[in-house]
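Structure, as C-alpha cells:
Lettering of chains follows the sequences in order, A, B, ..., and the numbering in each one begins at 1.
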Number of protein chains: 2
Amino acid sequence: MRSKDIAKLVGVSRSTVSRVINNYPDIPPATREKVLKAIEEYNYVPNVPARRLAGMKSRTLGLFLLDIIEEEKPHHLKISNENLVYNNNFFAAFTNAFIDQANKKDYYILVSIIYNMEDFKKAQDAFYGKRIDAGVFIGGKTQEYKYIFNVIQPDYIIGIVDFEPEDLSRQKAVFVNMNDYEGAFKAVEYLITLGHRRIGIITGDLSKGSGVRRLRGYKDVLSQYNLEPDPKMIVCGNYVEESGFNGMNQLLAGPHRPTAVFCCNDSMAIGAYRAINEAGLNIPNDISLIGFDNTQVSEYLSPPLTTVHVPLSEIAVNMADLLIESIAKGKQVAINKLVDTVIVKRASCKKL
Amino acid sequence: MRSKDIAKLVGVSRSTVSRVINNYPDIPPATREKVLKAIEEYNYVPNVPARRLAGMKSRTLGLFLLDIIEEEKPHHLKISNENLVYNNNFFAAFTNAFIDQANKKDYYILVSIIYNMEDFKKAQDAFYGKRIDAGVFIGGKTQEYKYIFNVIQPDYIIGIVDFEPEDLSRQKAVFVNMNDYEGAFKAVEYLITLGHRRIGIITGDLSKGSGVRRLRGYKDVLSQYNLEPDPKMIVCGNYVEESGFNGMNQLLAGPHRPTAVFCCNDSMAIGAYRAINEAGLNIPNDISLIGFDNTQVSEYLSPPLTTVHVPLSEIAVNMADLLIESIAKGKQVAINKLVDTVIVKRASCKKL
DNA sequence: CTGAAAGCGCTTACAG
DNA sequence: CTGAAAGCGCTTACAG
C-alpha cells in the first residue's frame, strides 16, 4: 500500500494524500475525511525512509549507552552477559523515562551500547547515515565524552549526561547533569547533623565528572563545618561493588576508624556492607553508611540503605524535551541543566 | 557528502562507489582501495533511508516491551516514573543481551514501550512504515500476544517471548520460551528433596503463559512424588511484590501452614519475606522459600534467596539470531525454542 | 569491469 | 484548492 494506491482509491492525486497526512490547511473537510478513511481502512502507513529522503525528519532519537572498560576486553566478550551495563539500575531508570517521554512526543528510540572507543563508529553511522535526528550519550568518562566532539560533527544535535562543559560556546550540546555536588554535600551534612565527626568517603570513579563532583561536595562540607580533613579517610573507588569492599576494608584497617562513611554510589555501599559484616561489625551501631543513586537494591539491604536519590527520570525527560526542541528549531540548543537530588533516610545511619 | 561526491573525488561513477560499498566482486583492487580511502577520509556514511528506498534492508530490529495494566491508567500517567517496566531486571537482562547480539551482527535496535492496546499502533507503524526489518515482543499476557497477529500482517517477521503457540503452522513467528515448567518442577522437587512435604505456592500471573506453566510444574511434581495436593496451599499472585506479601499472609493464616513455599518470581518472594518477618517468623528456620528469575536483588536479601535462574541472555541471543536468520532468508522462521533454567542454591531453604 | 538511467515512495514548490 | 513534476540519495538491471 503506497500513497499512490490510496490516491487512486479515493480519486485524488498523491499530492492531496500527502497534504492530508501532513495536515496542510485548505483541504476541504470532505476530501480530508475520504482520504483519512481510506488510510484507516487499509492500515496505510507512509514509508518512513521515503519521507526522510524527501526532506522530512525521521523522528528517531539515538540513545548511546557507554560501557567502556579500558583495561580489559570489552564486556561482551566475557562469558556472562548478565552483569552488563543494562542490569545497572542507574541506566535502566534513565532509559525507561527517556523512551517514554520520546514516545509521547511521537519519537522512536534507537539504542546502542558502546563498549570501546571503536564502537563510537556505531553512533557516528547512526548520525551520518540519517537514522536519527539527534542522540544522547550516557555513562561515559570525561575523556570519552570529549572524544564525541571529534567523532560527531557539530551540525548534528547531541546531548550528554554527566559531563560539565568547559565552555558552552565551544562545546555545544544539551548537557543535563544531576547535582552531584549538592547531593554529596547534603549526604555528608546529614551525617554531621547526626553527630558524626570522623567521616570517611569511598569515592566514585574520578575519571567521571560525577566522581570528582561528589568528592568535592564531601570536602567542602567538612571544611564548612570546620572538621579537619584526614587523607586517611579518603579512599578511591570506581563505582563497582568490589571497590566498595576493598575501600571499606582499608578504612576499617586504620587505628582510628570512621564512625560513618559516605559511599559515592549504592553498588560500592553493597561491597562496604559485606566488608563490615565480615569484620564482625554492625551497621549502623558500629558504623553508619550512606550511599548515592537510590537503586532498587538499596531498599532491600539489611539494614535498608540511606542514600541520595537521583531523579533520573527527570533528567531523562529534560533531555528528551531539549533534544526535540533542538530538532524543531533546526539548531543545537546549548544548555547546561542541573537537576537536584534528595536524601532518602533509611536505617543505615545512626545518631551518635 | 553523498556517493556522487565520493565518485567525483575518486573519478569513477556512483555505480562503482555503490559496488565497492556493497562488496561486489569484480572490482579491481586499485579502484576499490581508492574509493575506500575517500570514504574513510571524508567519513562518508551512505544515507540509510535512501538505501532502504532502493530496496535494501534497514538493518534495524524492533524491540517492543509490553507493560499493559488493564485495570488502571497506563503506567506512564502515574506520578512516578521510577517503577516502570524497565526497572524490572527481568526486562533489563533481556534487553541488554538482545541489543548486544544484534549490534554484533551489525543491526540497530528500535525500542518502544507498549502501555495499552492502543499503543500497539506504535509497533504497527514501525513495521508498516519500514523502520524495522523484524521485531520482538516481550512481557505480554497470552491475550495481548494473540492480538499481535491481528495487528501485524503475517508478511512481517516477528518474535515473541513467553507465548506458546497453539499451532505453529498458523501462528508463524519465532517463539523463544524459557522452560518454566521444568524450572518449577525442579524448584519444588528440590524442596521435596530437602524433606518438605507441605509445600505452598504463590502463583504468577495466570494470564501469562509462564504463570500457567509454573503452576503446572508445581502440580505435576507433587503428584509424581505422591504428595496429595491441598488447594489451601495454592494462592494466586500476579508477579508483583504486593501479591507475594498478601499471598504469604494467606498461607500463614491457615491452621496448618506450609514448611516451604515456591514463589513464582523473585518480586513476590520479596513480598513474602516481608510477610514472614512481620509475622515474627524466620527464614529458613520456620519456613523455606524459593523464588524464580534470579533477579539482581535476590542475592542481597537476607537470607539470600534460593531461586531459579532464567538465562535471559540466552533467550535474547537466540531471538536475535533467529530473527536475523528470518530476514536473511526473506521469510519468517517458525520455531518454538525452549531454554532451560538452573537452580541457584542460597540460604533461604532448609533441610528438614 | 563500468557508466547511464530507471526506480524506490515520498514531499513540495510551481502552475493553474 | 489541486495535479504534474522534480528531486531526495541510493541500488541495480542493462548495455557495452
For the pair [X] (side chain) and [Y] (backbone), establish whether a donor and an acceptor sit closer than 3.5 Å, ignoring hydrogens and angles.
X         : Y         : value
Arg131(B) : Val48(A)  : no
Tyr145(A) : Gly140(A) : yes
Tyr108(B) : Lys122(A) : yes
Arg14(B)  : Arg2(B)   : no

Using a heavy-atom distance cut-off of less than 4.0 Å, which residues of residues 122-134 of chain A contact DNA chain C?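 Per residue number, the list is empty: none.
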
Mind listing the residues from residues 26-34 of chain B sitting with a heavy atom below 4.0 Å of DNA chain C? Number order is fine. Asp26(B), Pro28(B), Thr31(B)

Test side chain to side chain donor-acceptor pair (under 3.5 Å) applied to Lys331(A) - qualifying residues, sequence neighbours left out: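 None.
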
With sequence neighbours left out, what residues match Arg52(A) under side chain to side chain donor-acceptor pair (under 3.5 Å)? none

Do the side-chain N or O atoms of Tyr44(A) get closer than 4.0 angstrom to the phosphate oxygens (OP1, OP2) of dG9(C)? no

Which is more 5' along DNA chain C, the nucleotide nearest Leu53(B) or the one nearest Gly11(B)? Just name the residue.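 First, find each residue's nearest nucleotide; the 5'-ward one identifies Gly11(B).
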
Would Glu314(A) and Lys337(A) pass as an ion pair if we require N to O under 4.0 Å?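 No, no charged N to carboxylate O under 4.0 Å.
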
Result block: side-chain N/O donor-acceptor pairs under 3.5 angstrom for residues 19-30 of chain B, not counting sequence neighbours:
residue  : atom : partner  : partner atom : Å
Asn22(B) : OD1  : Arg51(B) : NH2          : 2.7
Asn22(B) : ND2  : Ser18(B) : O            : 3.0
Asn22(B) : ND2  : Ser18(B) : OG           : 3.3

Tell me the interatomic distance from [X], atom [atom1], to [N], atom [atom2], rounded to whole angstroms.
X        : N       : atom1 : atom2 : result
Met1(B)  : dC10(D) : CE    : P     : 11 Å
Asn47(B) : dG7(D)  : CG    : P     : 18 Å
Lys8(A)  : dG9(C)  : NZ    : P     : 13 Å

List the atom pairs, donor and acceptor, that lie under 3.5 Å between side-chain atoms in residues 319-327 of chain A and the rest of the protein, sequence neighbours left out.
residue   : atom : partner   : partner atom : Å
Asp321(A) : OD1  : Gln101(A) : NE2          : 2.8
Asp321(A) : OD1  : Lys105(A) : NZ           : 3.0
Glu325(A) : OE2  : Lys329(A) : NZ           : 3.0
Ser326(A) : OG   : Leu322(A) : O            : 2.9
Ser326(A) : OG   : Val333(A) : N            : 3.0

Taking only the [atom1] atom of each, what is the distance from [N] to [M] in whole angstrom?
N       : M       : atom1 : result
dT2(D)  : dA6(D)  : P     : 22 Å
dA13(D) : dG9(D)  : P     : 23 Å
dC14(D) : dC10(D) : P     : 23 Å

How do Arg2(B) and Ser13(A) order along DNA chain D: which one's closest nucleotide is nearer the 5' end? Ser13(A)

Could you pull out all residues at least two apart from Lys8(A) that satisfy salt bridge (Lys or Arg N to Asp or Glu O under 4.0 Å)? none

DNA chain C: stems of at least 3 consecutive Watson-Crick or G-U pairs, cut-off 3.5 Å?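 For DNA chain C the paired stretches long enough to count as stems (3 pairs minimum) are C:1-3 with D:14-16, C:5-12 with D:5-12, C:14-16 with D:1-3.
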
Non-neighbouring partners of Val45(A) that pass side-chain contact (heavy atoms from CB on, under 4.5 Å), sequence neighbours left out: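 Listed in chain order: Asp125(B), Tyr128(B).
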
Please identify each residue that fulfils side-chain contact (heavy atoms from CB on, under 4.5 Å) with Asn177(B), with sequence neighbours left out.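 If we apply the side-chain contact (heavy atoms from CB on, under 4.5 Å) test to Asn177(B), skipping adjacent residues, the hits are Asp162(B), Glu164(B), Phe175(B), Arg213(B), Asn336(B), Leu338(B).
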
Counting primed atoms plus P, OP1 and OP2 as sugar-phosphate and everything else as base, spell out the protein contacts along nucleotides 11-16 of chain C at 4.0 Å heavy-atom distance: B, S or - for each nucleotide, 5' to 3'. BBBB--

Taken to the nearest 0.5 Å, the spacing of Ser112(A) OG from Phe120(A) CZ works out to 12.0 Å

The criterion is ring-ring contact (aromatic ring centres under 6.0 Å, His included); which residues satisfy it with Tyr107(A), sequence neighbours excluded? none

